[in-house]
Amino acid sequence: MTDVNTSATTVGAVATGDWQAWQESWDRQQEWYMPDREERFRIMLDMVEAVVGTSPRVLDLACGTGTITARLLARFPDATSTGVDLDPALLTIAGGTFADDERATFVTADLKDPDWPARLPHDSYDAVLTATALHWLRGEPLADLYGQVAELVRDGGVLMNADHMIDETTPRINAAERAQRHARMDRARRAGALDWAAWWKAAAEDPVLAEPTARRFEIYGEHADGDMPSAAWHARVLREKGFAEARPVWCSPSDTLLLAVK
Ligand SMILES: C[S@@+](CC[C@H](N)C(=O)[O-])C[C@H]1O[C@@H](n2cnc3c(N)ncnc32)[C@H](O)[C@@H]1O
């Protein structure tokens, strides 16, 4: 067992190579930022069903541990998924979790590399789904990525991006929301919730994850340095890049789920 200690509190224990436990630990850590995370995924899959049906071929873009893939395959047994990500530790957890599930495939690629689509096993998808990830990119590379995604989505298929999207025209609302969110996070951390840094410290202490975790810090460093443009920006760029329609289908005070149909 790996005991996870921060300077403030003991925050959890995960058995080495226990992929289900790592999935649950990742989910709790992400929910520390986004208490509405599961609802966001539920609406995302509702809209997959509504627009492309219950047996889609999905690209889980910047898949991390395969969070979207797990919920997709549990809800739609006839779906298939390709997960793509650059993080060796999160991909280790994804690969371990889905080792016996031939519906899921995982690919290592950098979404800033212009040739990343060539690594995929398919050149066309019914749905490209992504969450809490594209804010790791700056605006220009993200616009380029949207152009590549538009080529991967079949006509009538969808892209959905759930992420932190900031409307700069509402600064007082944004400041109030941010203050409320951070106060809640501080309370949860004092109650023992695992934050990003503590979670990665735990991963580094698991003998199976230690080496890929060291590599992910060589790749990314400590922090992402991307942009968080507004939902209107995302919708406009997606139309410019080849989608016919794009608009939010869900939002919370801090996050938006944007749906684009090609
Ligand atoms: C916060 S995680 C979210 C993972 C998952 N979608 C979820 O909701 O749990 C962000 C993911 O984006 C991935 N990512 C960021 N930049 C990337 C890039 N340039 N290429 C591939 N993956 C990237 C990271 O490796 C990480 O797995």
Side-chain angles (χ1 to χ4, degrees), residues 19-20 22-45 48 58-74 81-95 97-98 104 106-120 127-146 148-149 152 159-165 194-200 203 209 212-228 250 252 254-258:
W19 306 125
Q20 195 49 43
W22 277 117
Q23 292 286 354
E24 287 164 16
S25 165
W26 173 259
D27 287 343
R28 298 296 87 74
Q29 176 254 113
Q30 288 285 292
E31 283 165 357
W32 177 67
Y33 298 93
M34 290 159 289
D36 303 319
R37 184 169 175 262
E38 285 303 325
E39 187 188 57
R40 210 174 58 157
F41 289 132
R42 180 177 63 74
I43 305 286
M44 180 183 272
L45 295 183
V48 166
V58 166
L59 178 61
D60 182 353
L61 194 69
C63 62
T65 61
T67 307
I68 293 172
T69 295
R71 286 147 183 79
L72 173 85
L73 298 181
S81 181
T82 306
V84 59
D85 204 285
L86 185 60
D87 186 314
L90 299 183
L91 283 172
T92 298
I93 297 172
T97 305
F98 297 95
F106 293 94
V107 171
T108 300
D110 184 350
L111 298 174
K112 292 179 187 163
D113 171 358
D115 297 326
W116 72 267
R119 295 181 172 241
L120 300 175
V128 176
L129 307 178
T130 186
T132 328
L134 300 190
H135 69 266
W136 289 40
L137 274 62
R138 296 265 178 221
E140 201 175 318
L142 175 54
D144 293 343
L145 178 66
Y146 275 161
Q148 292 177 303
V149 168
L152 287 166
L159 162 82
M160 273 185 261
N161 177 16
D163 209 352
H164 197 42
M165 299 181 188
L194 207 62
D195 67 10
W196 179 260
W199 193 88
W200 280 109
L209 291 176
T213 297
R215 270 194 291 135
R216 73 87 53 199
F217 278 99
E218 281 167 22
I219 293 167
Y220 286 122
E222 293 292 333
H223 297 291
D225 61 352
D227 294 330
M228 298 178 192
W250 176 91
S252 74
S254 64
D255 273 51
T256 299
L257 171 59
L258 202 109

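We count ligands from 1, going down the list as the structure has it; atoms in each ligand are counted the same way. Just so you know, residue 1 is the first one in the sequence shown, and it goes up from there.
For a threshold of 3.5 Å applied to N or O pairs, the pair formed by Ala131 and ligand 1 contains at least one separation below that value. In terms of polar-atom proximity, defined here as any N/O pair under 3.5 Å, Trp136 makes no such contact with ligand 1. Residue Asp60 has no N or O atom closer than 3.5 Å to an N or O atom of ligand 1. In terms of polar-atom proximity, defined here as any N/O pair under 3.5 Å, Trp196 makes no such contact with ligand 1. Between Leu111 and ligand 1, at least one pair of N/O atoms sits closer than 3.5 Å.
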In sequence, state the C-alpha distance, the side-chain angles, and the governing distance for Thr82 and Val107, and then conclude on side-chain contact (heavy atoms from CB on, under 4.5 Å).
CA-CA 7 Å; Thr82 306; Val107 171; 4.0 Å; yes
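There is a side-chain donor-acceptor pair under 3.5 Å between Trp199 and Ser25. Side-chain contact annotation: Thr132 with Arg40, donor-acceptor N/O pair under 3.5 Å present.
For atom 4 (C) of ligand 1, the nearest non-hydrogen atom from the set Ala162, Ala133, Ala62 belongs to Ala62. In this comparison of Ile68, Asp85, Asp87, the heavy atom closest to atom 26 (C) of ligand 1 sits on Asp85.
Checked against the 6.0 Å centroid threshold, Trp26 and Trp22 do not count as a close aromatic pair.
The proximity of Gln30 to ligand 1, defined as any non-hydrogen pair under 4.0 Å, is limited to the side chain. The parts of Leu86 lying near ligand 1 are both backbone and side chain, judged by heavy-atom distances below 4.0 Å. Under 4.0 Å from ligand 1, not a single heavy atom of Trp116 appears. Contacts between Asp110 and ligand 1 below 4.0 angstrom, taking non-hydrogen atoms only, involve backbone and side chain alike.
Annotation for ligand 1: atoms under 4.0 Å from non-hydrogen atoms of Arg37 are 7 (C), 8 (O), 9 (O). Here is the list of ligand 1 atoms found below 4.0 Å of a heavy atom in Ala109: 20 (N), 21 (C). Distances below 4.0 Å separate heavy atoms of Leu90 from the following atoms of ligand 1: 27 (O).
The backbone N or O of His135 sits less than 3.5 Å from a side-chain atom of Asp163, completing a donor-acceptor pair. Side chain of Asp87 to backbone of Ala89: a donor-acceptor contact under 3.5 angstrom is found. For Glu31 (side chain) and Arg37 (main-chain N/O), no donor-acceptor pair under 3.5 Å exists by modelled atom type. For the pair Arg119 (side chain) and Thr108 (backbone), a donor-acceptor distance under 3.5 Å is present. Of the possible donor and acceptor atoms, one in the side chain of Asp85 sits under 3.5 Å from a partner among the backbone N and O of Gly64.
Summary of contacts: the protein heavy atom closest to atom 1 (C) of ligand 1 is Thr132 O, 3.3 Å. If you check which protein heavy atom lies closest to atom 23 (C) of ligand 1, you get Tyr220 OH, 3.2 Å.
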